[in-house]
Amino acid sequence: MKILSQLLAVAALALPLPLLAFPIASPGNEGNPVVVSGNSAIIATYQGNSASYSNDLYLVTPDGIDNNDIFLFNNHGSAVGATYNLGTFALGTELVFRLHVNNTGFDYFTGLASRNPDGQFHARVQANWDTNTTLVSFEDLHGGPFDFNDLSFSFTNTNSGNPANDVPEPGSMLLLGLGLSGLALARKRNK
Ligand SMILES: [Ca+2]
Ligand SMILES: [Ca+2]
């Protein structure tokens with residue numbers, strides 16, 4: 001039995017890390033804002049991380065004061081699947097989230113790169129990751145590298161406010177169609 005348990009211990013060490021998969025928002029979504037798109041309460045769900053640093057996630061109360069921001073999750077302390085009810089907000093409101101890195105003291109924000117101490121994007125915000133749900137993934141290293149693996153969470157009733165990530169609207173498809181047929185006409189005339 002002792003040999004068996006030793007073998008199992010060796011086998012466990014040989015398994016690839018991380019053992020638990022967790023979602024990371026797709027590339028191309030860096031710097032998108034989190035925008036309220038529904039009238040119901042917004043539920044945040046912690047989705048996991050593979051960071052070495054300890055990171056706290058806050059919802060920013062936009063009054064310039066850090067210590068009244070609303071604590072949501074810690075990447076090492078919160079259980080995957082833990083939820084937090086943020087309440088309701090007016091449609092179109094941008095919700096700003098702050099990642100506080102306990103090891104370095106830096107704070108990083110969703111949205112504009114200019115909000116961050118290194119002037120780089122530190123969050124990806126992916127709309128429609130799931131039905132009516134947005135996925136947000138943070139990077140906790142000052143100046144990168146940027147793999148956005150350090151804290152992921154999702155929200156109901158939000159989108160990324162980025163038209164490029166939404167399903168094309170009939171109007172824009174019509175314009176695209178008109179542009180293509182116009183191009184075809186111009187080609188004909190040139191012949
Ligand atoms: Ca505040
Ligand atoms: Ca990282």
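As the structure lists them, so they are numbered: ligands from 1, and atoms in each ligand from 1. Side chains included, hydrogens not; waters and symmetry mates left out as well; all remaining heavy atoms used.
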| request: Could you check which N/O/S atom of D69 is closest to the Ca ion (ligand 1)? | output: OD1
| Heteroatom of D63 nearest to the Ca ion (ligand 1) (N, O or S, atom name) | OD1
| task | Mind reading off the angle at the Ca ion (ligand 1) between the O atom of I65 and the OG1 atom of T61, rounded to 10°? | result | 150°
| request: Using side chain to side chain contact (heavy atoms under 4.5 Å, CB included) as the criterion, point out the one residue from L57, D66, I70 that pairs with R98. | output: D66
| task | Could you please compute the angle at the Ca ion (ligand 2) from OE1 of E139 to OD1 of N149, rounded to 10°? | result | 100°
| note | Here the vertex angle at the Ca ion (ligand 2) for OD1 of D147 and OD2 of D150, given to 10°, is 130°
Are [X] and [Y] an aromatic pair by the rule of ring centers under 6.0 Å?
X    : Y    : value
F146 : H122 : yes
F153 : Y46  : no
F97  : F155 : yes

| task | Please confirm if an N, O or S atom belonging to N67, backbone or side chain, lies less than 3.0 Å from the Ca ion (ligand 1). | result | no
| field | Atom of N55, atom of N75 and distance for their closest heavy-atom approach | value | N-OD1, 2.7 Å
